[in-house]
Amino acid sequence: MRTRIKQVIEDKFAMLAEQGLLPASDVADSHIISVPKHEQHGDYASNFCLVMASSLKAPPRKIAELLKPELEGEGLFTKVDVAGPGFLNFFLSSAFWQQNLLEIRAQGSGYGSSDEGRGMKVLVEFVSANPTGPLHVGHGRGAAVGDSLCRVLRMAGYDVSSEYYVNDVGNQMQTLGRSVFLRYQEYFGQEIDFPKECYQGDYIRDIARRIAEEQGDKFLDGEPASHLDFFIHEAVSEIFGGIKKDLEDFRVNFDNWFSERTLHESGLVEQTIQELMEAGKIYEKEGALWFRTSDYGDEKDRVVKRSNGVLTYFAADIAYHRNKFERGFQELVDIWGADHHGYVPRVKAAVAAMGFDPDALNVLLLQLVNLIEAGQVKAMTTRGGEFVTLREVMDDVGTDAARFIFLTRRCDSHLDFDLDLARSQSQENPVYYVQYAHARLASVFRTAKEAGVEMKEPEEINLSLLDSPEEIKLMKLLASFPELVAKSASALEPHRISYYLTELAGLLHKYYTTHRFIGDDNSLTQARLLLADVIKTVLKNGLNLLGVNAPEKM
RNA sequence: GCGCCCGUAGCUCAGCCGGAUAGAGCGCCGGACUACGAAUCCGUAGGUCGGGGGUUCGAAUCCCUCCGGGCGCGCCA
């Protein structure tokens with residue numbers, strides 16, 4: 001609708017310019033159609049006259065007055081107002097909104113879709129936690145945001161793939177294997193010196209105990225180094241199995257699990273370094289290889305191969321991002337913890353140096369999650385081994401509440417996750433507010449069925465009965481859902497969905513207390529049931545974008 | 001010291017590629033079930049949008065600066 005109004009204005013302007021009533025001029029980019037905050041400002045508003053005033057050398061209101069009759073003659077609006085400093089306010093008839101209900105109903109679970117993304121291939125990479133320990137709450141936020149973003153992008157017409165990058169090589173693997181081996185020795189009563197850099201969590205002991213129980217003490221003999229691969233393999237597969245299970249229960253699915261190891265094994269890392277050296281973008285200094293990232297906006301050059309011959313994590317990441325582009329993705333979204341923000345410029349620099357568009361790489365930085373319990377921040381450190389896992393939170397508050405809460409904040413805002421609130425099965429918990437709206441409507445249909453009321457075909461329903469201010473307001477909000485999804489997608493901001501749903505649920509609850517869906521007047525009942533049906537659909541579609549259930553009963 | 005993010009009601013936060021009178025939830029206080037679910041609704045109170053400058057017809061929104069908080073500044077990942 002917005003694009004249609006915009007087009008009409010620009011057409012009418014061109015016509016007036018042709019007639020010599022206004023000077024010809026290019027239309028400013030800042031010309032937008034918005035939905036005004038106040039009802040008296042109409043259903044849509046245009047700032048056209050304001051943004052064009054200076055290039056047309058005419059007062060905004062005067063331009064508006066010239067356009068007004070032309071726009072009214074279009075037949076699209078019941079009224080066009082010139083308001084304030086020169087806004088054009090457009091009023092649509094209630095029939096317009098009523099007809100829209102049929103459209104929503106026809107689209108059903110597909111309502112909200114658009115071709116905003118035009119089939120653009122997008123890769124969203126998230127979580128990507130090292131398989132050295134269980135997922136913690138911070139990863140949970142990444143999982144919720146990433147997964148929801150994928151759903152939103154898909155609905156907005158993007159061709160989306162989701163991916164988890166598995167760091168399955170490097171020092172940390174050695175450290176992990178060593179940590180488990182030491183605990184294994186400890187299990188058999190040997191004196192061990194457990195270094196600080198080893199993984200401290202109890203889960204390491206659990207893995208060691210399992211190995212000890214299954215394999216006995218046979219690894220105590222001989223050179224520990226020769227057993228290390230076995231311990232690494234056992235630890236990784238157990239930990240990774242746990243991660244996958246956690247994500248599955250959190251309703252997060254990945255299209256692809258990308259192993260860092262394959263980048264090395266395929267030779268892509270070495271090949272990329274070689275090519276960049278030939279292009280003069282990597283040079284040698286003090287025995288190490290350095291990438292000229294400072295030529296592309298980074299603070300300083302970065303090492304890709306250490307003087308001891310070992311590749312850095314960065315080296316693999318360069319190849320990984322190259323690989324992403326070479327797989328044909330046009331937009332990349334990386335979701336990282338905010339503590340990695342210093343890493344962004346160097347990866348963008350690498351992308352640019354390889355000849356790809358650095359703006360095609362979108363890095364979302366997720367700020368910290370603080371768990372609050374009894375009004376106190378629960379300490380959450382990864383190093384000390386004392387951390388709250390995603391599993392604990394999921395088991396504690398449930399997947400629905402956890403996901404919803406993770407999606408009620410902007411990415412770059414710190415998140416205080418109040419456990420008591422999330423736990424409470426009561427009014428304070430925001431997720432229930434929305435779910436309850438859905439369940440309430442489901443209940444209406446159950447009641448209707450019991451009363452023997454069947455919904456007619458939409459075409460037979462007299463929609464003009466839906467004309468109260470509350471109904472109009474609801475219908476307008478319902479109509480804006482596809483735009484909201486599209487905007488949420490292009491801005492990479494899934495949290496907008498949860499705000500929309502809270503607003504829609506609020507309107508429904510309010511409506512519910514002042515209007516009855518089922519009454520003596522059959523045609524009114526029919527019209528309101530259609531409205532109920534459509535609201536229910538939109539709530540469900542929206543909750544689905546968040547990965548939250550839409551229950552029929554609670 | 002340098003860089004990134006944040007600062008909006010008592011609390012937690014929306015709104016931020018400029019737009020009209022700045023919103024919500026929680027909390028406080030007061031109301032509403034003999035009709036579809038009260039996990040709900042209605043009403044009251046609550047604001048120098050961190051401070052200051054600038055750009056503009058117009059700034060919570062953009063720019064500069066200062067103050068406060070968080071996080072980073074490895075030949076770690």
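Values reported hereafter were calculated over all heavy atoms of this structure, with side chains retained and with hydrogens, waters and symmetry mates removed. Predicted model only: the values in this text are computed from it and were never measured. Chain A is the first sequence line, chain B the second, and so forth, proteins listed ahead of strands; every chain is numbered from 1.
Listed candidates were rC36(B), rC5(B), rG19(B). Nearest to the side chain of Asn47(A) is rG19(B). Of the candidate nucleotides rA77(B), rC5(B), rG37(B), rG37(B) has the atom lying nearest to any side-chain atom of Arg446(A).
Applying the 90° cutoff around 0 to the glycosidic angle, rC29(B) is assigned anti.
Between the P atoms of rG69(B) and rA32(B), the separation comes to 48 Å (whole Å). The gap from the C1' atom of rA22(B) to that of rG18(B) amounts to 14 Å, rounded to the nearest Å. Rounded to whole Å, the C1' atom of rG27(B) lies 11 Å from the corresponding atom of rG46(B).
Ring pair His509(A)/Tyr433(A): centre-to-centre distance below 6.0 Å. The aromatic ring centroids of Phe126(A) and Trp336(A) lie 6.0 Å or more from each other.
At least one side-chain nitrogen or oxygen of Ser413(A) sits closer than 4.0 Å to the OP1 or OP2 atom of rA14(B). In this structure, Arg61(A) does not reach the rC57(B) phosphate: none of its side-chain N or O atoms is under 4.0 Å from OP1 or OP2. An OP1 or OP2 oxygen of rC41(B) is reached within less than 4.0 angstrom by no side-chain nitrogen or oxygen of His515(A). In this structure, Thr513(A) does not reach the rA32(B) phosphate: none of its side-chain N or O atoms is under 4.0 Å from OP1 or OP2. For the OP1/OP2 pair of rA77(B) and a distance below 4.0 Å, the side-chain nitrogens and oxygens of Arg306(A) include at least one atom meeting the criterion.
Put simply, the side chain of Asn89(A) and the base of rA20(B) share a donor and an acceptor less than 3.5 Å apart.
Both thresholds, 5.5 Å between centres and 30° between ring planes, are met by Phe87(A) relative to the base of rA20(B), so the two rings are stacked. Both stacking criteria are satisfied for His41(A) over the base of rA20(B): a centre-to-centre distance under 5.5 angstrom and an angle between ring planes under 30 degrees.
Within 4.0 Å (heavy atoms only), Ser443(A) reaches at least one base atom of the nucleic acid. The residue Ala45(A) sits close to a base: some heavy atom pair falls under 4.0 Å. At a threshold of 4.0 angstrom between heavy atoms, the contacts of Tyr512(A) include nucleobase atoms, whether or not backbone atoms are also involved. Residue contacts shown for Lys553(A) include a base, since a base heavy atom lies under 4.0 Å away. Note on Ala288(A): a base of the nucleic acid sits closer than 4.0 angstrom, heavy atoms only.
The distance from atom CG of Leu539(A) to atom P of rU40(B) is 15 Å, rounded to the nearest whole Å.
Stem regions for RNA chain B, each three or more consecutive Watson-Crick or G-U pairs with both distances under 3.5 Å and listed by first number, read B:1-7 with B:67-73, B:10-13 with B:23-26, B:29-32 with B:40-43, B:50-54 with B:62-66.
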